[in-house]
Structure formats: C-alpha cells, structure tokens
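Here the structure is laid out as structure tokens; the discussion comes afterwards.
Each chain gets a letter, A, B and so on, in the order the sequences are listed, and its residues count up from 1.
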Amino acid sequence: MVRVRFAPSPTGSLHIGGARTALFNWLHAKSQGGHFILRIEDTDRERSTPESEADILEGLSWLGITWDEFYRQSDRIGIYREYLKKLIDDDKAYYCFCSKEDLEAERQALVAQGFPPKYSGRCRALSKEEVVKRLNENKEHVIRFKVPEREVVFKDLIRGQVKFDASLSGDVIIAKNLDQPLYNFAVTVDDFLMGITHVIRGEEHLSNTPKQILLAEAMGMNAPQFAHLPLILNTDRSKMSKRMSDVALHDYRNKGYLPQAIVNFISFLGWHPREDKDMMSLDQITSEFELNRVQKGGAIFNVDKLDWLNAHYINSLTPEELAGMAKPFMPEGYELTIAMAASVKGRIKTLAEIQGIVDLFFKLPAYDTELLKWKDMPLSQVTSNLESALTVLNKIGESDYNQANLEKVLSPLAPEGNRGELFWPLRVALSGSKASPGPFEIMEVLGKQESLSRIEKAITKAR
RNA sequence: GGUCCCGUCGUCUAACGGCUAGGACGUCGCCCUUUCACGGCGGCAAUACGGGUUCGAUUCCCGUCGGGACUACCA
C-alpha cells in the first residue's frame, strides 16, 4: 500500500509551498487508496512552537487534507537514540569534538583555496579510549556519519535519474548528541519505521536525498522512492518568500479565499489533468491525479489567476452559503442578509471585498448631485423621473418589494432605448455610488421605507 | 565558487518523434447592458540559442546561454 507523509517543522506558519507539498502527497496517496501520515518534525527545540503546529494542523484541515496517522518527532527521541548508538557501535558514525571555531577556520581555509568546504574527518581517528575519556569529561561534541566516498544514483519519480558524488559532502552531522538527533537522520529512521513508500517533497530537498539514502543503507533499511516537486516562485523566479508576497496559508484564508479555490489553484501549480480543465474539485483532482504528470520547472504564484478562480467559487455558492461564510468579514455589528449575499455574490473576488460593497445597504454614502444625471440629462428630468417612480413605488405593498415585481412595475416607466434616464438616477439615489448592484436588487434589500426615503432625498437634492 | 535541478505565449500549462504549436489567467477590442461587475465573441502573444540524430524535432543527444535550489550543531 502507498504510504506517504507530510513532515513539516513547526517553526512557522503553514507556508503555501508546504500546503502544496502536503496536498500532492495526499493526492498521491488517496488516488491509490493509500495512507497519508502527518509527522511533525520538531527536533529543533529552540525554533519549534506549539502555535506553529496548531497553525499547520488547522491549515491542512481547512483545505480538506486529512491524516491517517500522526507523529511528533519529539515523542520519539528514545527510538532515535537506539539507532544512533547502533550506528556508532557499528563504526558507521562517530563522536566529533571539533569546536565550531575550528570548523569555521578549516572551512574558510578550504574556500580560500578554491576547494569545496568539507569536514576533514579528523575525529574519525580518535581511539575508543580517547572518546570515552572526552565524553566523561563532558566535552562538547556532535555525532557524525561516516559518509561513504562514492556516487549515489537514484531514480526520482519526477526528474528521472539523479546522480550525486557523496565524497564531496564530507561526514555530515546527524545529531548534536544521543538525545538530539538532526533532520537527515531522524527523517531516515522515521521514513523506514513508518513504512513510507514515497517521499514527495520540495526540490530544495533534492541534495539531502543522497545523504538519506546512504544513511538508510548504513542502517540496513530500504530507502523509499523519491519525488521532488518543483518550487513555487516569486514573480522574479526566486523561491516564494515573505519578502515578495504573502506566504502563509492563513494569509489567504484571512483575505477571503475559499479553500476550494486554493486547492484548485495550487494543484495546478506543477500539475495538470490529462483532459484540459481549469476548474476542479478536490474529489475530481484526487481521481485524476498522477505523479508522473508533475512538471519539473518551478511555477510562479500568479495571484490574478487565483482571484479569478476564487471569484468563480464564490459565485457558485448559494446566497445562504455565502452569507454564512462571509460572516467573519463583515464590519462589526452588521449582519449580512441572504438578499445582500445574493446581490453581492457575482461582484467580489474575495470574501474580504464584501465589506466595501455591502456598506451602502447600511448607510447611504454621501454623493454629488451631478452623479444623478444620466449622460447629459437635465436635473429637472432627474427629479421628474424619480417622482414618477416614487408614485408607483408608493403603491406597492411591503411584501411585494422583491426584484422581479419591482422590475415589472418600473420597467414601463423607463423610456424605450434610453432606460438609463430612469434607472441610472434611481440606482444612484439608492446606492449613492458610481458602481453598485442594480436598483431592484438594492430595493429588495432595503425594503420599502428605506428605499422611498433615499429616493425622496435624491429628489430634494436635485431640486 | 562548488554540487544539483530546470528552460513552450507576460503567467499557469497541453501536445506516445508527425498539426496552422492547443487551452486558461492577464491584456486589448467588440457585444450584452442603467455605470461597474458578470457573461458572450474575437485579437495580440511562446518552443532560449547553436549543433547533431532523423524523412521529420517542442519532444532524443551534445554544447552555449539563462534562471533556480542547496552549500548549518535549520528543516
């Protein structure tokens, strides 16, 4: 069975790139009836926070990404300790007592001579007795893996065959001490123990792969298959970053993007269905997802397209659904009614935009009298047109104040071929603005009393 | 600098070695229309470059150029 994992470190909010990695893992698993494992990689005690972990869990759930198993690396320190000891006992890893300062000097010297910086392996030569002695003296140390000096070749499911010369990397540090394992090591142990079949992650991890393969080999473990996803990019084609755009998933949630839109959008960053489509639900994507259709090149995060998708998803909501979802975006004390939601639905790209539009339902914005004029009609005509509308509107009962009915009774009053002479002043009278929903929609929302009072106000202004 | 990865319209992308290089976003124009928005129709716009291989390269190979990632006692 396919078993994948998403392994974020809780050192910040869930990043858009992380969300996409999680999604692709989930899609790969679910499209084949496999399991998705969520593993919190919090081995870095200083940088990991519970808030970050909460943000990650919340973000995934919001997108509809569910997990079948959950682990936290900080709960597994004992496990790593055993494997670390074994590696040392097998002489495949060793204690290193070099100071950071010495290492840095060594490194500088190599770089200055034009050599790639790489640990000399000095502490490999320490005798067992010497190591024990220094350990007993509580000397500062780390644990290094004896990296075999050879070429590592692996087949990446997206990129094909990839080769690295491991002899260039030197002996990597795999733990600060027996109780503080580091990334490459902990990942290797967990991927094996958790029966991970496919490691699907961002391209930034490509160069970690040979280390993990060698480590797995040293511990007698089978390595999983690897697939490295193309990066999500800033507009200048560098890796998407805070500096240039919002990167946290919750930023998009807070701005009023729908999870359907985000899922649809990020799925298409590096992946595309066989049959050309641009709007797909999570279920549809799941049934059509194929890892081997994933793109190799990075993809720029194009907000315009996201906006377009989001507008579509908002528009396809029922007014009831929209009214519910938009609640958190309304100004304090204002309630979004179903009628308002209906009139606003097709006009917004994000839920946050609802504020600006819905405003006119609660209070008439101040407007310039000239705005009431349609093209070059005189103000006197504005008044007379509004007055005749007023007479008709007065006769309609409160309960008949709905769009269809209003349009039916008002339409005959509008001059054929120049309907704007009635509808434009009417709409401005009701909305006080240049761009707004139509007059009938507004009247339905406002109700009889408020509608009439706004029209009367306009007549007074124009007189 | 070193290692690795990548390269189709501005952007996301499609095209088992066989089209006039297709779609979508954006943009521009037109239509609808009481403005805006929505919607409909249409236009502009790409295989980085140079060599091979082949009857035939966007596709395969090599080189050049360009971009990116990594280069921590972070993940």
Distance between P atoms of B/C55 and B/G68 (Å, rounded): 40 Å
Under a 3.5 Å cut-off for both contacts, is B/C60 paired Watson-Crick or G-U wobble with anything, and if yes, with which nucleotide? B/G52
For a quick check of understanding: with a heavy-atom distance under 4.0 Å over all strands, which category does A/S433 fall into, base, sugar-phosphate or nothing? nothing
Once you apply the 3.5 Å cut-off to both distances, tell me the Watson-Crick or G-U wobble partner of B/A69, or none. B/U3
Once you apply a heavy-atom cut-off of 4.0 Å, does A/R201 come out as touching a base, just sugar-phosphate, or nothing? nothing
Please tell me if the side chains of A/K434 and A/L371 come closer than 4.5 Å, counting only heavy atoms from C-beta onward. yes
Distance-only side-chain donor-acceptor flag, A/N177 / A/Y95, under 3.5 Å: no
Mind checking A/H141 for me? I need base, sugar-phosphate or nothing, with any heavy atom below 4.0 Å counting as a touch. nothing
B/G10 and B/A37, which share atom name P, separated by this distance in whole Å: 26 Å
I want to check one thing: is the phosphate of B/A75, taken as OP1 and OP2, less than 4.0 Å away from some side-chain N or O of A/R39? no
Side-chain N or O of A/K239 versus OP1/OP2 of B/C70: is the shortest distance under 4.0 Å? yes
Listed nucleotide nearest any side-chain atom of A/E204, set B/A69, B/C4, B/A14: B/A69
May I ask which nucleotide in the shown strands pairs with B/C25, Watson-Crick or G-U wobble, both distances under 3.5 Å? B/G10
Is the cationic atom of A/K255 (NZ for Lys, CZ for Arg) positioned less than 6.0 Å from the six-membered ring centroid of A/Y252 and within 45 degrees of its normal? yes
Checking all strands, does A/G202 fall into the base, sugar-phosphate, or nothing category for heavy-atom contacts under 4.0 angstrom? nothing
Among B/A75, B/U34, B/U11, the one nearest A/W374 by side-chain distance: B/U34
Please state the C1' separation for the pair B/U13 and B/U34 - nearest whole angstrom. 40 Å
Is the positively charged end of A/R144 above the ring of A/Y94, judged by distance under 6.0 angstrom from the centroid and angle within 45° of the axis? no
OP1 or OP2 of B/A75 sitting under 4.0 Å from any side-chain N/O of A/T43? yes
Please work out which of the three classes, parallel, tilted or perpendicular, describes the rings of A/F226 and A/H228, given edges at 30° and 60°. parallel
Please tell me which of the listed nucleotides, B/A75, B/C4, B/C12, lies nearest to the side chain of A/L182? B/A75
With C1' as the reference atom in both, quote the distance from B/U58 to B/U20 in angstrom, rounded to an integer. 15 Å
Scan A/N208 against the nucleic acid and name what it touches under 4.0 Å (heavy atoms): base, sugar-phosphate only, or nothing. base
From C-beta outward on A/D304, which listed nucleotide comes closest to its side chain: B/U71, B/C4, B/C25? B/C25
Give the nucleotide from the list B/U11, B/U13, B/U34 with an atom nearest to the side chain of A/N302. B/U11
May I ask you to say what A/Y183 touches in the nucleic acid, namely base, sugar-phosphate or nothing, with a heavy-atom cut-off under 4.0 Å? base
Whether A/K461 engages the ring of A/Y367 as a cation-pi pair (distance to the six-membered ring centre under 6.0 angstrom, angle to the ring normal within 45°) should be assessed. yes
Does the plane of the ring in A/F423 sit parallel, tilted or perpendicular to the ring in A/F440? Use 30° and 60° as the thresholds. perpendicular
Whole Å only: how far is the CG atom of A/L168 from the P atom of B/G1? 16 Å
Atom P, compared across B/U8 and B/A48: separation rounded to whole Å: 6 Å
Please give the nucleotide sitting opposite B/U34 as a Watson-Crick or G-U wobble pair, both distances under 3.5 Å, or none. none
Salt-bridge present (A/R39, A/D191; N to O < 4.0 Å): yes
Would you please confirm or rule out a distance under 4.0 Å between OP1 or OP2 of B/C73 and any side-chain N or O of A/R144? no
Applying the Watson-Crick and G-U wobble criteria at under 3.5 Å, what pairs with B/C19? Answer none if nothing qualifies. none
If you pin A/P8 and A/L231 to their nearest nucleotides in RNA chain B, which one's is more 5'? A/L231
Need one value for A/P439: base, sugar-phosphate or nothing, where a base atom within 4.0 Å counts as base even if backbone is also close, heavy atoms only. base
Which nucleotide in the set B/C70, B/C5, B/A24 lies at the smallest distance from any side-chain heavy atom of A/R159? B/C5
Please state whether the phosphate of B/G1, meaning OP1 or OP2, lies under 4.0 angstrom from any side-chain nitrogen or oxygen of A/Q113. no
Euclidean distance for C1', B/G42 against B/U53 (whole angstrom): 42 Å
Contact under 4.0 Å: A/R419 side-chain N or O vs B/U34 OP1/OP2: yes
Expressed in whole Å, how much space separates the C1' atoms belonging to B/C6 and B/U64? 16 Å
Below the 4.0 Å mark, does B/C70 have OP1 or OP2 next to a side-chain nitrogen or oxygen of A/K211? no
For the pair made of CG in A/D44 and C1' in B/C73, what is the distance, rounded to whole Å? 10 Å
Donor-acceptor pair under 3.5 Å, A/K305 side chain vs B/A24 base: yes
Ignoring backbone atoms, test whether A/W308 places a side-chain nitrogen or oxygen under 4.0 Å from the OP1 or OP2 oxygen of B/C25. yes
Please state how far atom CG in A/D278 lies from atom C1' in B/G26, giving the value in whole angstrom units. 14 Å
Closer than 4.0 Å, any side-chain N/O of A/R237 to the OP1 or OP2 of B/U11? yes
Does A/R81 count as lying over the ring of A/Y83, i.e. NZ or CZ under 6.0 Å from the six-ring centre, within 45 degrees of the axis? no
Tell me which nucleotide among B/A69, B/U11, B/U34 gets nearest to the side chain of A/F440. B/U34
Salt-bridge test for A/E41 and A/R47: reply yes if a basic N is under 4.0 Å from a carboxylate O, no otherwise. no
Taking any heavy-atom pair under 4.0 Å as a contact, classify A/R427: base, sugar-phosphate, or nothing. base
I want to verify a distance call: between B/A14, B/C12, B/A24, whose nearest atom is closest to the A/R293 side chain? B/A14
Just N and O in the side chain of A/H312: are any of them under 4.0 Å from OP1 or OP2 of B/G39? yes
Give the rounded distance in Å between these two atoms: CD1 of A/I300 and C1' of B/G68. 11 Å
Among B/U3, B/G23, B/C74, the one nearest A/K176 by side-chain distance: B/C74
Please work out if A/K163 contacts a base, only the sugar-phosphate, or nothing of the nucleic acid, heavy-atom cut-off 4.0 Å. sugar-phosphate
Among B/C74, B/A75, B/G68, which nucleotide has an atom closest to any side-chain atom of A/E203? B/G68
Please give the distance between the C1' atoms of B/C16 and B/U11 as a whole number of Å. 28 Å
